[in-house]
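To start, the structure itself, in structure tokens.
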Amino acid sequence: MEERYQPHDIETKWQHVWEENHASRVSEDPGKPKYYVLEMFPYPSGRIHMGHVRNYSIGDVVARYKRMRGYNVLHPMGWDAFGLPAENAAIERGTHPEKWTQENILYMETQLKRLGLSYDWEREIATCEPAYYRWNQWIFLQFYKRDLAYKKSSSVNWCPSCETVLANEQVIDGTCWRCESPVSQKELDQWFFRITDYAEELLRDLDSLTGWPDKVVTMQRNWIGKSVGAEILFPVLGSEEALRVFTTRQDTVYGATFVSLAVEHPLALTLCQDTPREVAVKQFVERIKNSGQAARGSEEGEKEGCFTGAYCLNPFTGEKIPIYLANFVLMEYGTGAVMAVPAHDQRDFEFAKKYRLPIRVVIQPKGEVLKADDLADAYVGEGVMVDSGPFTGLANDEGKEKVAAYLEERGWGKKAVRYRLRDWGISRQRYWGTPIPIIYCKQCGIRPVPEDELPVTLPRDVPFTGKGGSPLLESKRFREVECPRCGGSARRDTDTMDTFVDSSWYFLRYASADYALAPFDPDKGRYWMAVDQYIGGVEHAVLHLLYARFFTKALRDLGLAHVGEPFLNLLTQGMVCKETFRCPEHNWLLPGDLMGSEREGWKCPECKKPVEQGRVEKMSKSKKNIVDPEDLVNVYGADTARLFTLFAAPPEKDLEWSDQGVEGAYRFLTRLWRFALQHRERLAGVESAVQKEQSTAELRELRRIIHRTIKKVTEDIESRFHFNTAIAAIMEAFNALSTLAQGGLKLDEEAVLVKEGLDAIVVLLFPFVPHVASELWEQLGHGENLDRVPWPSYSLEALAEEELLIVVQVNGKVRGKITVPADVGRERVETEAVDAPKVKSFIHGKKIHKVVYVPRRLVNIVTEG
RNA sequence: GCGAAAGUGGCGGAAUUGGUAGACGCGCAGGAUUCAGGAUCCUGUGGGGUAACACCCGUGGGGGUUCGAUUCCCCCCUUUCGCACCA
């Protein structure tokens with residue numbers, strides 16, 4: 001008679017029900033509080049992976065929970081559909097990027113639907129559709145109008161393997177973020193977005209992001225990299241020129257004994273022209289330039305330089321000081337020239353030692369006297385200014401202000417603020433992206449495509465060879481156009497935009513995914529924005545999350561958006577990892593998921609070396625340690641997949657995959673299923689009204705557990721998204737119900753209570769395992785679908801304890817436990833504590849020094865001696 | 001090198017404001033059921049110690065504050081992540 005738990009039948013059934021009822025469709029409803037929960041949209045790579053399952057399960061719990069709490073919940077999904085893999089597939093397999101992408105989207109969509117995720121699919125977007133990317137182009141043109149987009153020739157990061165430019169944010173340790181090839185520099189004409197205009201605001205508003213992890217805020221702050229200091233002019237001797245240096249330590253200017261230039265500095269070669277130094281300088285410049293950026297970065301430590309033969313004047317000391325080229329000075333930061341203060345900067349110190357340049361101490365730390373000859377390292381700390389003309393005797397932080405003011409008065413320079421953040425280069429020499437809506441005319445120069453001619457669509461008839469730059473160059477029909485102004489022959493920009501442009505505003509598009517008059521309907525944008533909860537991987541901490549903030553601010557200044565920050569709360573979920581055993585040399589994986597003793601005999605089939613220890617590594621195709629979510633759903637169903645990923649670890653931490661853990665999650669659902677069906681008829685027969693007072697202490701305790709569970713689950717979801725402990729609490733409550741039911745539920749009173757408890761458990765489980773919860777809800781005889789049922793509330797009356805378990809300590813060690821009525825006072829608790837059997841023997845013969853009483857919890861008896 | 005986070009049973013992880021360390025799950029052991037295996041159910045499960053208690057030890061290591069520390073402070077070790085000549 002017992003029906004087995006059949007996840008697939010149940011899941012298919014409820015997915016249909018939800019689809020027919022449009023259970024997750026939303027519209028703007030001013031009568032309800034809105035809640036916008038968003039997970040970072042995926043790249044349509046072909047199949048979903050376990051990281052997606054985790055990300056979207058977390059988001060779905062939040063969405064379903066908030067719906068049950070009465071919020072009008074926007075929970076959309078879409079596709080970050082432009083990008084290189086589609087083009088690579090085209091090159092490798094002869095398919096078209098669009099076809100490949102569309103097929104992947106269709107397949108992954110069914111995969112997501114099988115997980116029972118409660119998206120409003122009517123708002124689905126794909127960034128590769130002209131209806132979407134036309135607004136990339138439109139936004140680009142608005143930026144262009146306001147000088148937020150501009151073109152310049154500059155040295156850019158170039159990935160020779162991907163044959164495209166990379167943004168600074170996309171260069172990781174000198175290598176391409178995607179293919180890990182070493183990145184080189186190339187001089188190219190590129191479009192840039194002026195994100196640096198927003199550097200200060202992007203930095204300042206980080207303080208308002210209290211719902212973001214500190215880690216991400218810190219990373220963004222460091223990335224923006226604000227430095228406050230001064231620019232000082234050092235006149236070049238025998239020339240009209242002056243070297244402009246940037247420093248944050250103008251308080252040490254009296255210790256500047258030389259100046260260092262980057263090899264790319266415009267004066268590097270002119271200073272030594274027609275002098276005996278010319279040859280040596282040229283050789284040095286060539287050598288350093290050719291050593292490549294990666295090498296220059298990694299060869300930290302070895303300072304190298306070359307004297308230019310020229311001198312300049314330190315305006316403060318009036319001294320003539322030499323000008324050097326130095327390998328560690330970067331042209332991209334500051335002015336490409338630095339005043340060198342060897343006594344107070346470690347790099348200058350090493351440089352001065354190597355080239356025997358003078359070292360002059362101008363800051364003395366408190367209670368010490370530094371001597372230049374004795375220094376082993378530069379002193380970079382605080383102190384008092386010495387040998388510093390009129391500033392001698394000032395504390396150095398005060399001196400900073402005074403020196404800066406003084407040099408402005410004298411016209412020797414000015415106060416200055418510098419940022420590490422640089423403008424965002426968005427041109428990409430690839431096909432599968434948004435065409436840049438710009439036309440170049442020999443007569444009229446750079447002409448924007450008129451807005452009513454948007455979108456500029458991608459031509460389909462282009463060859464994909466993987467060679468020779470952008471495929472768009474090959475399409476004559478695309479490339480050759482008329483100038484929108486003079487009608488003469490002109491050519492289109494054949495670059496496409498960085499795909500991070502697409503994802504910089506997609507969260508706004510969801511507010512009105514079909515809107516045809518603007519990127520989004522302003523009224524709807526106003527209703528839904530900002531995103532209340534954003535969920536995704538931490539790898540976007542300075543890429544997507546910074547660009548999206550920039551776009552939101554820029555769109556606000558264009559009068560489109562009305563918020564300055566897109567994401568109020570951010571949850572960065574951890575990676576999905578798996579313990580893997582591999583031969584380090586041959587990359588052989590241990591087969592399956594073997595346990596303890598089984599592992600011991602395993603040897604690499606290539607070299608026969610035994611496997612010693614497993615490593616927990618991120619699941620990835622290249623490491624061959626992935627578990628395919630589709631296999632998992634086929635075997636156990638979506639609810640088990642969801643339950644396991646939510647239960648195994650709190651969302652922000654890495655999750656270690658365990659096949660046994662999955663079994664455990666499945667086992668719990670099976671037990672719950674059997675329990676409900678086994679008692680269904682008995683429970684249906686009892687009076688559903690909850691009794692006010694249970695007749696035994698045991699039953700009253702069970703009722704307390706039920707309500708405590710509701711409270712705990714609510715708080716765990718609400719305050720910190722700790723779904724693992726919420727699920728644990730539900731399991732505990734279920735165990736308590738099972739224990740009671742072992743007696744056969746002979747009394748109606750018992751059955752009523754079990755019914756209350758089981759109903760509560762099923763409702764509480766709905767956000768986590770919506771299919772099985774819905775089915776059980778129906779099986780238990782409830783008419784309405786569970787997705788319409790409000791979140792349960794707990795009763796304070798039911799929570800009230802009748803008796804308290806008080807821990808008794810003697811000198812801080814637990815020696816006994818006593819049970820007292822909840823309403824007794826301190827004196828009686830202490831008396832009983834002292835009288836407790838074990839406690840007595842521990843205080844026997846000793847004088848009681850004091851008694852610490854923590855109400856409702858603990859008594860600590862402190863003895864003398 | 002700088003910055004941040006973390007270190008708890010055989011494993012994943014609990015312990016929300018300093019108050020019974022190890023919830024929940026996995027694994028393991030014993031038992032029931034079964035021809036057998038699997039599944040299921042029951043019991044036990046930090047280490048030492050004991051016939052059983054008692055008791056002792058125990059949250060990376062060492063100090064400190066406190067009646068009491070996984071929790072707060074100082075020093076050190078390890079791991080992970082981020083930045084890495086930013087003047």
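Labels below follow one simple rule: chain letters A, B, ... track the order of the sequence lines, proteins then strands, and each chain is numbered from 1. Scope of the values below: all heavy atoms of this structure, side chains included, with no hydrogens, waters or symmetry mates.
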Sugar-phosphate only, base, or nothing, as touched by A:Phe842 at under 4.0 Å among non-hydrogen atoms: sugar-phosphate

Residue A:Met731, side-chain heavy atoms: nucleotide from B:G25, B:A87, B:C86 that is nearest: B:G25

Which nucleotide in B:C67, B:G12, B:G13 has an atom nearest any side-chain atom of A:Lys850: B:C67

Geometric cation-pi criterion A:Arg418 and A:Phe246, 6.0 Å radius, 45° cone: yes

Sugar-phosphate only, base, or nothing, as touched by A:Gln809 at under 4.0 Å among non-hydrogen atoms: base

Pair of N/O donor and acceptor under 3.5 Å linking B:U16 base with A:Lys712 side chain: yes

Distance below 4.0 Å between A:Arg667 side-chain N/O and B:C26 OP1 or OP2: yes

Candidates B:C56, B:C85, B:G82 - which lies nearest the side chain of A:Arg815: B:C56

Closest to side chain of A:Val338, choosing from B:A15, B:A87, B:G19: B:A87

Sugar-phosphate only, base, or nothing, as touched by A:Arg857 at under 4.0 Å among non-hydrogen atoms: sugar-phosphate

Nearest-nucleotide pick for A:Val854, side chain only, options being B:U16, B:G19, B:A87: B:G19

Minimum-distance nucleotide (side-chain atoms of A:Pro650 versus B:A87, B:G13, B:U16): B:G13

Given B:C24, B:C86, B:G19, the nucleotide with the shortest approach to the side chain of A:Glu732: B:C24

Lys/Arg cation over aromatic A:Phe328: A:Lys303, 6.0 Å, 45° cone: yes

Any N/O donor-acceptor pair, A:Lys303 side-chain to B:C85 base, under 3.5 Å: yes

A:Arg708/A:Glu701 ion pair, N-O < 4.0 Å: yes

Below 4.0 Å: OP1/OP2 of B:G3 and any side-chain N or O of A:Arg221: no

More than 12 heavy atoms of other groups within 6.0 Å of A:Asp214 CG: no

